[in-house]
K.L.:
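A single structure is presented below for examination.
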Amino acid sequence: MNKKAYYGEFGGQYVAESLMNTLEELDRAFEEAIHDPAFMEEYHRYLRQYVGRETPLYLAERLSEKYGTKIYLKREDLNHTGAHKINNVIGQILLAKRMGKKKVIAETGAGQHGVATATGAALFDMECTVYMGKEDIERQKLNVMRMEMLGAKVVSVESGSNTLKDATNEAIRTWAKTAEDTFYVIGSAVGPYPYPKMVKEFQSVISKEAKRQHMEVEGRNPDVVMACVGGGSNSIGMFAEFIEEKDVELIGVEAAGLGIETGKHASAMALGEPGVLHGMRSYLLQDTDGNIQLAHSISAGLDYPGVGPEHAYLRDSGRATYVSITDKEAMDALLELCKLEGIIPAIESAHAVAYAMKKAKEMTKDMSMIVCLSGRGDKDVNTISDYLAGKGYLN
Amino acid sequence: MNRIEQALAGLQEKKEKAFITYITAGLPDYGKTKAIIKAQEQAGTDIIELGIPFSDPVADGPVIQAASYDAILGGATLEKTFTCMKELRQEGVKLPIVFMMYYNTVLHYGMTAFAEKCRACGVDGLIIPDLPFEEQEELQNALDESNAKAEQETILIQLVSPVSKNRVPMILENARGFVYCVSSMGVTGQEASFHREVMGYLANVKEISKIPVMMGFGIRTAEDVAPMKDVIDGAIVGTHFINLMREHAFSPEAAAEYCSTFKRELNAL
């Protein structure tokens, strides 16, 4: 067992033998790159000039007033391409370039990671193929068109449930075949080691900025830091710099879909059982035979049956708490944020906002919390309008 | 003692090559699975890989993915496959049978219970494509503990790939049964376009290995392995065999016909 690949009992490298040397090569290249000041300078230059960082830490005044505590929003929605996903993509594609790879592949559910990867591939002149479930292609036509405009090839995955989990399977299969010249850009804090570490590294810019920004205004650390969790990339980035600050409460918000009790949810840590999927050992939604269960959430970005291994570890070690928010609670919070603050959040991020409103009740007006607003809601307008019209949603 | 090792030792004495097939358990139902296994034993198949269906078979191409999916829809499970194995042994089937499965199925069943059940039902080996060498310790310990209690052992079969290179000596050091050499990169069932360096790779594995070397992925006929006959000890047919079974409505006679032909041609190479 490769000890460094583990977070407690979670993580590891559960991949085909033919990928083991690839992971070793990737790990070596990644460690070298992040210790090379020239690489990190180039990464941060792109984040500044191309992505538009740093993003603001905004004290949501009316929201804070209504809920009786200081609520700061970390505005990842203001990034180029509309979400935090691009932070990681720029890092991974720069690494791919450094390793001499000419092609990149990616999986995508809602299309945000696919769009970010297609964007990075265009910027660095790489051939890009994005695997997307047939169902998701139908419900996210706009993002499919975006990826194609950016020069990516979108492959429709028709196996299993035709969604993110199956798109990921297909990306892994393709990678196993083509790893000699192809780099697999994983979008969430999941997959075999070193991916969870790599995604955390490239997303930790969120908390590095937020910690300093909060310190500048408040002169201390926040009391609570909160983010939504699907696979867990924005949340691990939001938590990263605060994990060692034991006085800061960390809360991850999973999707409860129609309610945990209905079985139609995406809360891998609420009822999940440890298992192995997509190269990692972590909490997974499984049926009684050990097959992977479909996740359900109105938010395509949280619609994943597993969770990143470091989150599983943070949960079991008690360092972070994981809660869940239903579709309805998330949509109510989304609409309220629109009206109170003039911000249309992604449905994913609205899950964190919804729990912030609940959590605020336990807090006083001198306390403060940071909520990661991981993405903007433009991509969700069709889903929101169907929801409001009472049509439900395709899932 | 292990049935795989006994069978392969017997073949080595006769200077014969091994012929191994793959079928998905419970496709289309367990009755057919048993009939196909029995017909193959009669026809001279040396070892059978029995695939345990899983919802997310990442090491498999479209044919075995579909087989796995259909079997799950038909109600196939690990527990029922154990029952099927037990019945086969009670009904006198002696050839070695290896489970080809994904690691989540093992974890879900429980490591100790799984190891005990494998031994009790006469499962001779395990091929787990998403459990690379570095992650095998926990399962190996459970198997060792269970194997110590009885005569028939369940062993882990090691896989190597064309890009394993420096890893081969480590993987093979304590390997048992046979080495499963993946002929090409990627998943099961691609065209018979073996990795460009396949000959050098197989020769290298053969040189290092103390146990028989089998080649799988993309094989349809004995002729496909003619170029490498001097460096392999046997061939594994999976995807093509599933296709053949589907074409012939899972007929045990068709299975027997294919297997006896392959086996005869393999040894005439």
Side-chain angles (χ1 to χ4, degrees), chain A residues 1-6 9 11-25 157-161 165-166 168-182 191-193 273-282 284-294 305-306, chain B residues 52-62 65-66 68-69 72 75-81 101-110 114 128-138 158-168 170-171 180-182 184-188 190 195-196 217:
Chain A
M1 178 166 134
N2 180 359
K3 284 269 178 217
K4 73 171 182 174
Y6 277 83
E9 61 175 290
Q13 297 179 312
Y14 295 87
V15 296
E17 167 54 30
S18 61
L19 283 171
M20 289 302 280
N21 270 330
T22 302
L23 289 177
E24 173 65 33
E25 179 201 11
V157 175
E158 298 175 32
S159 69
S161 61
K165 151 180 108 65
D166 311 284
T168 307
N169 291 340
E170 205 51 38
I172 293 173
R173 289 182 187 112
T174 306
W175 187 39
K177 249 181 269 183
T178 61
E180 286 165 295
D181 69 347
T182 301
Y193 186 85
E273 169 198 337
V276 163
L277 181 71
H278 298 153
M280 64 175 174
R281 191 159 176 166
S282 189
L284 301 174
L285 300 177
Q286 310 181 39
D287 69 14
T288 50
D289 297 316
N291 287 314
I292 306 304
Q293 246 175 350
L294 294 189
Chain B
I52 309 298
F54 179 54
S55 56
D56 295 77
V58 285
D60 288 303
Q65 280 176 51
S68 192
Y69 191 70
I72 291 171
T77 65
L78 176 59
E79 194 64 63
K80 287 185 197 165
T81 310
M101 63 196 304
Y102 288 86
Y103 196 44
N104 195 61
T105 312
V106 177
L107 286 173
H108 180 83
Y109 199 84
F114 175 78
I128 309 180
D130 61 348
L131 192 69
F133 183 77
E134 282 83 345
E135 306 288 4
Q136 291 171 0
E137 195 181 331
E138 202 178 344
Q158 300 294 343
L159 288 140
V160 297
S161 88
V163 290
S164 294
K165 301 193 169 138
N166 56 327
R167 295 173 51 79
V168 176
M170 170 183 81
I171 295 170
Y180 191 136
C181 283
V182 171
S184 51
M185 300 286 286
V187 297
T188 54
Q190 301 171 77
H195 194 270
R196 58 187 184 281
F217 281 31

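FYI, side chains are in, hydrogens and waters are out, and symmetry mates aren't considered; it's all heavy atoms of this structure. First the proteins, then the strands, lettered A, B, ... as listed; each starts at 1.
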K.L.:
Could you look at Gln13(A) and say if it's the side chain, the backbone, both or neither that has a heavy atom under 4.5 Å from chain B?
P.N.:
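Both parts, backbone and side chain.
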K.L.:
Contact part of Pro57(B) toward chain A, heavy-atom cut-off under 4.5 Å: side chain, backbone, both or neither?
P.N.:
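Its backbone and side chain both get close to chain A.
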K.L.:
Sort Phe54(B) into side chain, backbone, both or neither according to what part of it lies under 4.5 angstrom from a heavy atom of chain A.
P.N.:
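When you check distances to chain A, atoms from both the backbone and side chain of Phe54(B) fall under 4.5 Å.
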K.L.:
Given heavy-atom pairs under 4.5 angstrom as the criterion, report whether the side chain, backbone, both or neither of Ile128(B) touches chain A.
P.N.:
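It is neither, since no heavy atom gets under 4.5 Å.
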K.L.:
What residue in Glu135(B), Lys165(B), Gln136(B) has the most heavy-atom pairs under 4.5 Å with chain A?
P.N.:
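Heavy-atom pair counts peak at Glu135(B).
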K.L.:
Does any N or O in the side chain of Asn21(A) come within less than 3.5 Å of the main-chain N or O of Ser164(B), such that one atom is a donor and the other an acceptor?
P.N.:
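Present.
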K.L.:
Closest approach of Asp56(B) and Lys165(A), non-hydrogen atoms and distance?
P.N.:
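Taking Asp56(B) first and Lys165(A) second, the nearest heavy atoms are OD2-NZ, 2.8 Å.
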K.L.:
At a heavy-atom separation under 4.5 Å, does Glu138(B) approach chain A through its side chain, its backbone, both, or neither?
P.N.:
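Only the side chain of Glu138(B) comes within 4.5 Å of chain A.
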K.L.:
Contact between Gln65(B) and Asn169(A) at the side-chain level, heavy atoms closer than 4.5 Å - yes or no?
P.N.:
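A side-chain contact is absent here, since even the closest heavy-atom pair is not under 4.5 Å.
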K.L.:
For the atom pair CD (Glu17(A)) and OG (Ser161(B)), what is the distance rounded to the nearest 0.5 Å?
P.N.:
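Result: 5.5 Å between the selected atoms.
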K.L.:
Sort out for me which residue in Ile292(A), Leu277(A), Asn291(A) forms a side-chain contact (heavy atoms from CB on, under 4.5 Å) with Asn104(B).
P.N.:
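It is Ile292(A), the one option of Ile292(A), Leu277(A), Asn291(A) that forms the side-chain contact (heavy atoms from CB on, under 4.5 Å) with Asn104(B).
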K.L.:
Quick one: closest heavy-atom pair of His108(B) and Thr288(A), and the distance?
P.N.:
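Result for this residue pair: NE2-O, 2.9 Å.
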